[in-house]
**Q** 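What follows is a structure written as structure tokens; I'll ask about it next.
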Amino acid sequence: MSQDNPLPPIVLTLAGSDPTGGAGIQADILTLASMGCHPLSVITAVTVQDTRGVQDFLVIDDEWVLDQARAVLEDMPVAAFKVGMVGSIENVVAIAELAADYPDIPLIYDPVLASGRGDELARDELVHVLRDMLLPQVTVLTPNSIEARRLAANDEDDEDSITLADCAKRLTRLGCDYVFITGTHETTRDVENRLYDRSGEVRLDTWPRLNGSFHGSGCTLASAVAGLIARGLAVPEAVKEAQDYTWQALRYGFRPGMGQYIPDRLFWANDDASDDEDKDQDAQG
């Protein structure tokens with residue numbers, strides 16, 4: 001067998017483990033693989049959850065997080081970082097230290113502050129440390145509108161009164177190169193997703209709302225952005241392509257349990273298979 005096969009883009013994801021496979025590091029791995037990337041995975045937390053919500057979680061020690069990451073970084077060339085649930089202040093500090101050691105690797109951060117059901121995964125003290133230590137090193141921040149307001153709010157603010165444009169302005173001032181705010185939690189007819197940089201709004205994309213509630217949509221979107229950046233796309237193009245991929249994955253989503261739907265990250269393979277079945281049935285009359 002030839003040993004000269006081309007190396008796929010390698011993306012290191014740091015996130016919590018979700019035993020349902022719907023969100024967390026499992027979602028990252030599936031998404032990155034479907035992007036043609038090779039995913040490396042560092043576990044930051046182990047969760048007890050089903051498709052209805054998170055019952056509990058165990059945070060991995062920060063030294064273990066760093067050791068996991070450094071072992072693979074010293075062995076393989078990484079094209080992008082993707083960060084999800086961090087779990088603790090100590091892990092924020094560890095990941096910020098790691099990112100500072102590799103400033104040329106783009107960092108895509110999905111700020112997982114709560115589960116889809118609303119289970120709290122990040123206390124206010126952790127949010128303050130995120131703002132001070134990790135956000136200044138982020139290439140693309142991918143919050144939903146609720147997360148954006150929480151990250152951008154000052155102590156005296158009413159979070160609900162802050163416009164998303166103001167959120168983006170504050171978050172880019174903290175150091176994020178780009179802030180990509182998704183609008184699924186807003187009351188607009190269609191979903192409006194907006195990408196900002198320090199000069200203001202870069203692009204607006206609108207998508208038809210889909211029925212149902214989804215588990216892991218944010219992880220899927222952020223991982224797709226990371227994978228496309230690792231493949232060489234500029235941020236605005238990566239964001240556009242990642243939205244299309246994620247919307248299709250949600251459109252083909254399935255409901256394996258009694259809670260939320262799970263995005264089908266391999267929808268393209270399943271769609272091809274269904275097309276083949278239709279052709280076979282047509283051929284058989």
Side-chain angles (χ1 to χ4, degrees), residues 23 53-54 82-89 92 95-96 99 106-210 213-214 216-222 225-226 235-236 238-240 242-243 246-247:
V54 177
K82 186 272 176 181
V83 177
M85 177 183 178
V86 292
S88 69
I89 290 173
V92 175
I95 294 169
L107 191 158
I108 294 79
Y109 177 39
D110 173 26
V112 181
L113 307 181
S115 72
R117 185 176 65 179
D119 308 294
E120 182 76 21
L121 300 176
R123 298 186 182 279
D124 288 343
E125 294 85 354
L126 189 149
V127 172
H128 287 308
V129 178
L130 281 172
R131 287 162 52 98
D132 292 342
M133 300 195 67
L134 190 58
L135 295 194
Q137 303 186 70
V138 168
T139 307
V140 186
L141 182 71
T142 65
N144 60 40
S145 56
I146 296 171
E147 293 163 340
R149 290 186 172 100
R150 187 174 178 196
L151 286 170
N154 296 318
D155 292 338
E156 68 275 10
D157 285 328
D158 176 3
E159 290 182 20
D160 293 335
S161 68
I162 310 172
T163 68
L164 295 180
D166 283 340
C167 289
K169 184 181 296 185
R170 293 184 186 186
L171 293 169
T172 54
R173 283 177 178 171
L174 288 174
C176 299
D177 292 336
Y178 291 89
V179 177
F180 176 47
I181 303 177
T182 57
T184 53
H185 294 281
E186 300 299 286
T187 58
T188 53
R189 186 189 67 178
D190 292 328
V191 175
E192 297 181 355
N193 300 332
R194 299 174 188 268
L195 177 68
Y196 301 86
D197 65 10
R198 286 167 192 150
S199 65
E201 187 175 304
V202 175
R203 66 176 304 135
L204 163 65
D205 295 292
T206 61
W207 301 89
R209 287 191 181 272
L210 296 168
S213 175
F214 295 93
S217 56
C219 306
T220 304
L221 180 61
V225 172
V235 170
V239 163
K240 174 62 172 66
Q243 289 176 82
T246 302
W247 191 85

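Predicted model only: the values in this text are computed from it and were never measured.
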**Q** Flag the pair K240 / L195 as yes when at least one side-chain heavy-atom distance between them is below 4.5 Å, and no otherwise.
**A**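 A side-chain contact under 4.5 Å is absent here.
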
**Q** Look at the side chain of R194 and the backbone N and O of L204, then say whether any donor-acceptor pair between them is shorter than 3.5 Å.
**A**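 Side chain of R194 to backbone of L204: no pair is present.
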
**Q** Within this structure, what is the CG-CD1 distance for the pair L151 and I181, rounded to the nearest 0.5 Å?
**A**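 It comes to 9.5 Å.
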
**Q** Is it the case that the side chain of T139 and the backbone of L107 share a donor-acceptor pair, with hydrogens and angles ignored and the cut-off at 3.5 Å?
**A**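 Checked: pair present.
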
**Q** Who pairs with D197 by salt bridge (Lys or Arg N to Asp or Glu O under 4.0 Å), at least two apart in sequence or on another chain?
**A**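 By the salt bridge (Lys or Arg N to Asp or Glu O under 4.0 Å) rule, D197 matches no residue at all.
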
**Q** Without swapping roles, check the side chain of T188 against the backbone of V191 for a donor-acceptor pair under 3.5 Å.
**A**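 No, the answer is negative, given that no donor and acceptor are paired below the 3.5 Å cut-off.
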
**Q** Can you name the salt bridge (Lys or Arg N to Asp or Glu O under 4.0 Å) partners of R131, sequence neighbours left out?
**A**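 Counting only residues at least two positions away or on another chain, R131 forms no salt bridge (Lys or Arg N to Asp or Glu O under 4.0 Å).
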
**Q** Just jot down the salt bridge (Lys or Arg N to Asp or Glu O under 4.0 Å) partners of R209, sequence neighbours excluded, or say none.
**A**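 Salt bridge (Lys or Arg N to Asp or Glu O under 4.0 Å) check on R209 returns nothing, list empty.
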
**Q** Return the minimal non-hydrogen interatomic distance between C167 and A148, and the atom names on each side.
**A**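 Closest approach of C167 to A148: SG-O, 3.8 Å.
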
**Q** For E186, check side-chain hydrogen bond (donor to acceptor under 3.5 Å, both in side chains) against everything at least two apart and list the hits.
**A**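 Expected list: S145, R149.
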
**Q** Write down the atom of G216, the atom of A23, and the distance for their closest heavy-atom approach.
**A**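 Minimum heavy-atom contact is CA-CB, 3.7 Å.
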
**Q** In Å and rounded to the nearest 0.5 Å, what is the CH2 to CG distance from W247 to L210?
**A**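 Interatomic distance, W247 CH2 to L210 CG, rounded to 0.5 Å: 5.5 Å.
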
**Q** Working to the nearest 0.5 Å, report the span between NZ of K169 and CG of D166.
**A**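 With rounding to 0.5 Å, NZ (K169) is 5.5 Å from CG (D166).
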
**Q** Quick test of your reading of the model: are R203 and E201 salt-bridged, counting only N-O distances below 4.0 Å?
**A**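 Salt bridge absent between R203 and E201.
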
**Q** Only counting residues at least two apart or in another chain, list the ones meeting salt bridge (Lys or Arg N to Asp or Glu O under 4.0 Å) with D177.
**A**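 With neighbours one apart ignored, the set is R198.
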
**Q** Rounded at 0.5 Å granularity, tell me how far CG in L134 sits from CG in L141.
**A**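 Separation between the atoms: 9.0 Å.
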
**Q** Please enumerate all residues that pass side-chain contact (heavy atoms from CB on, under 4.5 Å) together with Q243, with sequence neighbours excluded.
**A**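 With sequence neighbours excluded, Q243 shows a side-chain contact (heavy atoms from CB on, under 4.5 Å) to F180, N193, D205, W207, L221, V239, given in chain and number order.
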
**Q** With sequence neighbours excluded, what pairs up with A222 under the side-chain contact (heavy atoms from CB on, under 4.5 Å) test?
**A**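 Here the qualifying residues are K82, I108, D110, T142.
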
**Q** Kindly give the heavy-atom pair with the smallest separation between D132 and P136, and that separation in Å.
**A**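 D132 and P136 have their closest heavy atoms at O-CG, 3.5 Å.
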
**Q** State the OH-CG distance between Y196 and L171, to the nearest 0.5 angstrom.
**A**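 Going from OH on Y196 over to CG on L171, the span is 11.0 Å.
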
**Q** With sequence neighbours left out, what residues match D190 under side-chain hydrogen bond (donor to acceptor under 3.5 Å, both in side chains)?
**A**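 Listed in chain order: nothing, the list is empty.
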
**Q** Can you find a heavy atom in the side chain of Y178 that is under 4.5 Å from one in the side chain of P236?
**A**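 Y178 reaches P236 side chain to side chain.
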
**Q** To the nearest 0.5 Å, what is the distance between CD (E192) and OG1 (T184)?
**A**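 Taking CD in E192 and OG1 in T184, the distance rounds to 12.0 Å.
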
**Q** Taking only residues two or more places apart in sequence or in another chain, which ones pass side-chain contact (heavy atoms from CB on, under 4.5 Å) with A238?
**A**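 For A238 the side-chain contact (heavy atoms from CB on, under 4.5 Å) partners, ignoring immediate neighbours, are L228, I229, L233.
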
